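Please read these numbers as outputs of a predicted model, since none were measured by experiment.
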Amino acid sequence: AFSRDKMLRTVCILAICASASAFAPSPNVVLKGSQPASLKLPSAPRSARSNAFGLRMHHGDDHDILLRAAKGEETNRAPVWLMRQAGRYMKDFRAFSNKYPFRKRSETPEIAIELSLQPFKAFGTDGVIMFSDILTPLPSMGVDFDVVKGSGPVIFDPIRSMDQVKALTPIDDPDATTPFIREILGSLRKETEGKATLLGFIGSPFTLAAYAVEGKANKNCFQTKKMMQNNPEIMHAFLEHIAQNIATYACHQIECGAQVLQIFESWAHHLGPDDFSIFAKPYADRVIELIKAKHPDTPLIYFANGGSSYLERQKDMKADMICVDWKVDMAVARTILGPDVKVSGNVDPLVLMGPEENIRKAVRECVTKAGPGHVLNLGHGVIQETPEEAVGAFVDEAKKFHYSDIASAETKELVEA
């Protein structure tokens, strides 16, 4: 016999099922026939508009599902996009990356537009994110950089003194210092209108400061932590300058067409809980406050890569959604953050190196543990060795697996109990 709690739970779940069944739109992406055992997806019917992986593309009611989820509105499934979805794992992307250096690709509108759209055209992601880099606005502040193939970003004159901080320039006119952004985002907005949500992004102040202080990637973040320990006034002055100006750059992206913005704290893994609360969190929140003052309705997502060990310190941040890395179970993250905090993430990127059945299972488990108020993503970026077919399976399963499927499974389990 049911306990009273089980009976109440069953009634609630049945109500959810009925509601979802009545109002859920058709899936955005449909595979022809049954799921194959291998990762190769079958061809779509000739009459359907299809992509390279045989996925039939339907936009319809789901075209703004990511935007709606980020705003906290009800959706019938978890929308899906992937960090670093425009990347070297794609053959078509490599045709550009093998020919042009990074800044040529990211600052030439026609190339950046093409690269941004490649994963959307191939897989039907619910979000299209501008192909760019978190360091792109640094030259506008007087910190020049380049991306060296095989080495990553290099800052030519690392920031190590207060005099250097005082010499930094403000971003007064983003159209003058980053003129390509308006054309890239404006064109992408036209291309994605009625089809997908357009995302912009920025680096958080601590991560940008750490890059600029180190001069390049450093496994110990040595120069930055040395400054934090011995000359914190320099670090705080630098962080304040970045916060004020990166907010201007973020607002510019929104004004150029971005509908959702993600804030990347890419170097959070270098910070312990206390340093996060002193050097990262207040400046990220300051950026969010400045953006919200001008664009209160634009959803902002905060992602602290490696910050899952102090999620409890992120639950009161001013972002609309917290993106969670893959090093914490999504159910645990939900418990720590609470039911009122919207979440994004957090499948391990290396799951995409496994068999298709594991990829699909990981999608269902993540969505089930997160529940509504969730944007499905990886817990970090797509790695270069990832098979394109694996990304296709990841997106396809996300679009097929609805919240009503969770309720149906739970109802069956309760009834059988």
Side-chain angles (χ1 to χ4, degrees), residues 66-67 69-71 78-87 125-137 197-211 242-243 246-247 249-250 253 258-271 273 275-277 279-288 291-292 298-330 332-334 336-337 341-349 366 370 373-383:
L66 196 157
L67 178 61
K71 287 184 173 182
V80 58
W81 71 281
L82 299 85
M83 289 182 279
R84 211 179 293 150
Q85 64 185 27
T125 52
D126 292 309
V128 171
I129 188 165
M130 170 181 66
F131 177 72
S132 186
D133 193 89
I134 60 172
L135 303 186
T136 294
T197 297
L198 178 60
L199 294 98
F201 69 95
I202 56 172
S204 200
F206 172 77
T207 292
L208 294 178
Y211 260 118
I242 293 174
I246 204 66
Y249 177 68
Q253 289 189 28
Q259 297 169 284
V260 175
L261 197 109
Q262 180 147 316
I263 302 165
F264 284 88
E265 195 71 87
S266 303
W267 282 20
H269 61 288
H270 288 299
L271 295 172
D275 281 341
F276 173 78
S277 294
F279 293 101
K281 179 178 177 177
Y283 294 100
D285 273 343
R286 177 62 176 148
V287 171
I288 295 167
I291 297 170
K292 287 293 188 180
T298 300
L300 304 178
I301 306 170
Y302 179 75
F303 174 53
N305 175 43
S308 55
S309 63
Y310 42 80
L311 273 177
E312 72 281 356
R313 302 204 182 198
Q314 298 174 48
K315 65 185 297 182
D316 63 345
M317 291 187 71
K318 299 181 186 300
D320 297 286
M321 177 174 280
I322 298 296
C323 185
V324 182
D325 69 33
W326 59 272
K327 295 181 181 180
V328 62
D329 186 272
M330 180 56 85
V332 174
R334 264 300 195 196
I336 294 171
L337 292 171
V341 176
K342 297 183 289 295
V343 294
S344 177
N346 72 330
V347 175
D348 183 345
C366 184
H374 172 226
V375 171
L376 180 67
N377 207 316
L378 299 177
H380 199 268
V382 183
I383 68 168

**Prompt:** Can you tell me if His374 uses its side chain to pair, donor with acceptor, with the backbone of Gly345 under 3.5 Å?
**Reply:** yes
**Message:** Tell me the closest heavy-atom pair linking Pro299 and Gln259, and the distance in Å.
**Reply:** CD-O, 3.4 Å
**Message:** Which heavy atom of Ile288 sits nearest to which heavy atom of Ala319, and what is that distance?
**Reply:** CD1-N, 3.6 Å
**Asked** Which atoms form the tightest heavy-atom contact between Ala284 and Ser204, and what is the distance?
**Response** CB-OG, 3.4 Å
**Item:** Atom pair CG (Asn305) and OG1 (Thr207), whose distance is rounded to the nearest 0.5 Å
**Value:** 8.5 Å
**Prompt:** How close do Pro205 and Val287 get, heavy atom to heavy atom, and via which atoms?
**Reply:** CG-CG2, 3.6 Å
**Side chain Arg334, main chain Val341, donor-acceptor under 3.5 Å** = yes
**Prompt:** Can you tell me how far the CG atom of Asp320 sits from the NZ atom of Lys292, to the nearest 0.5 Å?
**Reply:** 3.5 Å
**Asked** Minimum heavy-atom separation for Val128 to Gln85, with atom names?
**Response** CA-NE2, 4.0 Å
**Message:** Check the orientation of Phe264 and Phe201. Use parallel for under 30°, tilted for 30 to 60°, and perpendicular for over 60°.
**Reply:** perpendicular
**Worked verdict on Leu135 versus Leu208 for side-chain contact (heavy atoms from CB on, under 4.5 Å)** = CA-CA 7 Å; Leu135 303 186; Leu208 294 178; 3.8 Å; yes
**Asked** How far does NZ of Lys327 sit from OG of Ser309, to the nearest 0.5 angstrom?
**Response** 9.0 Å
**Side chains of Thr197 and Asp126 in contact at under 4.5 Å (non-hydrogen atoms)** = no
**Request:** Find the distance between CE (Met317) and CG (Asp285) and round it off to the nearest 0.5 Å.
**Result:** 4.5 Å
**Asked** Which value, rounded to the nearest 0.5 Å, describes the distance between Leu311 atom CG and Leu337 atom CG?
**Response** 5.0 Å
**Passing candidate, side chain to side chain contact (heavy atoms under 4.5 Å, CB included) with Ile246, options Ile202, Ile291, Ile263** = Ile202
**Prompt:** Do Phe206 and Asp275 have side chains that get closer than 4.5 Å, going by heavy atoms?
**Reply:** no
**Request:** State, with a plain yes or no, whether a side-chain heavy atom of Asn346 is found less than 4.5 Å away from one of Asp325.
**Result:** no
**Message:** Could you measure the distance from the CZ atom of Phe276 to the NE2 atom of His270? Nearest 0.5 Å is fine.
**Reply:** 14.5 Å
**Fill in**
The residue among Asn377, Leu82, Leu378 that forms side chain to side chain contact (heavy atoms under 4.5 Å, CB included) with Val347 is Leu378
**Request:** Please name the pair of heavy atoms, one in Gly307 and one in Ala268, separated by the smallest distance, quoted to 0.1 Å.
**Result:** N-CB, 4.3 Å
**Prompt:** Does Ser344 reach the side chain of Phe303, with side-chain heavy atoms less than 4.5 Å apart?
**Reply:** no
**Request:** Apply the side-chain hydrogen bond (donor to acceptor under 3.5 Å, both in side chains) test between Tyr302 and each candidate in Lys318, Lys281, Gln314, Glu265; give the one that qualifies.
**Result:** Glu265
**Asked** Backbone N or O of Ser277 within a donor-acceptor pair of the Arg313 side chain at under 3.5 Å?
**Response** no
**Request:** Check whether any side-chain N or O of Lys71 sits under 3.5 Å from a backbone N or O of Thr298 as a donor-acceptor pair, and report yes or no.
**Result:** no
